[in-house]
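Everything on this sheet refers to the single structure shown next.
Both backbone and side-chain heavy atoms feed into the values below; hydrogens, waters and symmetry mates do not. So you know, we letter chains A, B, ... as the sequences are listed, proteins then strands, and number each from 1.
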Amino acid sequence: MSVKIWAASDDFAPRCLKMHEMGIAMQIVEMSIASIPEEMNNVQVEIINLKVGKLAAVIPGSLRFCFDIVAKDTPLSGAKLHIEEIPVVVKCNECNKESVIKELSFKCEACSSGSTEILSGRELDIESIEIADG
Amino acid sequence: MEIKIVRKVLDVNEKIAQENREMFSEQGVFVLNVMSSPGSGKTTILEKTVSSIMPEINCAVIVGDICTTNDADRLARTGAPVVQVNTDEFGGDCHLAAHVIENATRNLDLDSVHLLIVENVGNLVCPAEFDIGEDARVVVLSVTEGEDKPLKYPLMFRVCDAALLNKTDLFPHLDYNRESAIDNILQVHPDMPIFEISATKSEGFSPWIDWIKNRLREKLN
Ligand SMILES: Nc1nc2c(ncn2[C@@H]2O[C@H](COP(=O)(O)OP(=O)(O)OP(=O)(O)O)[C@@H](O)[C@H]2O)c(=O)[nH]1
Ligand SMILES: [Mg+2]
Ligand SMILES: [Zn+2]
């Protein structure tokens with residue numbers, strides 16, 4: 001895990017990246033707990049469904065690592081993060097075509113215009129939680 | 001059983017950022033968020049920038065620094081009011097979040113300020129995700145860093161409205177590929193304005209200062 005973090009960035013970033021994902025994990029735990037109806041007791045959350053855009057400054061592995069720590073002693077303890085990775089899609093301001101961004105070139109595939117708008121890829125959304133039945 | 005939530009994880013930050021943005025508009029303040037890796041020259045650039053913009057436009061600065069007040073002391077010499085945010089108090093964060101800016105502005109008399117510059121914490125990852133209610137974002141890249149930084153940190157270069165390539169006085173001493181650095185910025189953000197400057201030698205500042213003044217006028221007039 002730590003190897004992956006180091007590989008993703010250099011010098012100061014690793015320390016920050018970890019802290020950054022820690023804050024995000026805390027937010028996920030807080031929002032999930034808040035969404036559990038009050039009348040339900042002894043809830044065991046099994047799955048948390050997330051959408052994470054490829055441009056979001058989040059590494060799924062580090063997010064899972066932080067989440068496991070923060071979820072301890074909460075109804076989310078042991079829950080799995082299902083992370084749906086969302087590709088980066090831009091819309092061209094010149095010809096209106098949509099392009100999926102690979103290799104980090106943000107130009108329109110159709111007309112090579114550089115004037116594009118991001119449609120998706122920045123997501124950091126919590127979609128739902130799944131609770132054990134019974 | 002599935003419980004739908006469908007919310008952005010950074011919802012809380014975005015809500016406060018929006019409130020900040022409305023407050024800045026009401027007060028007639030243009031807000032510039034300056035970001036970079038540690039040591040790219042943010043403080044040096046802002047010292048020169050503020051000195052050349054004042055007194056024509058009244059400036060104030062909020063500076064995020066993990067443990068010292070060095071940057072704040074340097075910036076205060078320009079005569080602009082400076083608020084130092086010691087991010088450690090906010091949980092050792094590596095970025096300035098919207099609520100931190102909201103608190104910091106309480107220490108400023110915004111009535112007499114038209115340009116508020118925020119020197120974010122030196123980091124190319126986290127600050128890119130956190131809206132603070134600013135009007136424009138600027139990233140500083142210095143020529144002592146790799147030419148491929150824009151490709152390693154695409155979100156930062158994409159969300160910024162302008163890039164400053166700093167420490168150009170060092171070109172003669174380095175094997176730096178200037179064209180490749182600029183190509184990489186433009187690959188991630190095709191029409192981004194790029195200003196090549198040397199902060200210590202005060203070179204190349206006028207297009208950058210003009211850019212700020214134009215953006216400020218667009219908002220405040
Ligand atoms: N040669 C050269 N050195 C520069 C230039 N601009 C800044 N420096 C030097 O780079 C070092 C860091 O500058 P700062 O202005 O403190 O950088 P910073 O981005 O504010 O740093 P942090 O706030 O710590 O992230 C200092 O030693 C500066 O003198 C420049 O244009 N040319
Ligand atoms: Mg500084
Ligand atoms: Zn096109």
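Interface with chain B: from residues 69-102 of chain A, no residue qualifies, criterion being any non-hydrogen pair under 4.5 Å. Contacts from residues 114-131 of chain A to chain B, taken as heavy-atom pairs separated by less than 4.5 Å, involve G114(A), S115(A), T116(A), E117(A), I118(A), R122(A), L124(A), D125(A), I126(A), E127(A), S128(A), I129(A), E130(A), I131(A) in sequence order.
Crowding of K213(B) atom NZ: a count of heavy atoms from other residues, nucleotides or ligands under 6.0 Å exceeding 12. Counting non-hydrogen atoms of other residues, nucleotides and ligands closer than 6.0 Å to NZ of K219(B) gives a total above 12.
Chain A forms more heavy-atom pairs under 4.5 Å with one residue of D191(B), I5(B), V12(B) than with any other, namely I5(B).
For M40(A), the part sitting under 4.5 Å from any heavy atom of chain B is the side chain, from C-beta outward, and nothing else. Residue E46(A): no heavy atom, backbone or side chain, is found under 4.5 Å from chain B. Within the 4.5 angstrom heavy-atom criterion, no atom of A34(A) approaches chain B.
For the atom pair NZ (K54(A)) and CG (L155(B)), the distance works out to 15.0 Å, reported to the nearest 0.5 Å. For the atom pair NZ (K4(B)) and OG (S35(A)), the distance works out to 11.5 Å, reported to the nearest 0.5 Å. Note that the OG atom of S105(A) and the CG atom of L186(B) stand 10.5 Å from one another [nearest 0.5 Å]. For the atom pair NZ of K152(B) and CG of L104(A), the computed distance is 12.5 Å after rounding to the nearest 0.5 Å.
Nearest heavy atom pair, residue D11(B) against residue M31(A), reads CB-CE, 4.0 Å. For N49(A) against E2(B), the heavy-atom pair with the smallest separation is ND2-OE2, 3.8 Å.
Counting heavy atoms from C-beta on, the side chains of F106(A) and R158(B) come closer than 4.5 Å. Contact of the Q27(A) side chain with the N13(B) side chain is not registered, since no non-hydrogen atoms from C-beta on lie closer than 4.5 Å. Between I3(B) and P37(A), some side-chain heavy-atom pair lies under the 4.5 Å cut-off.
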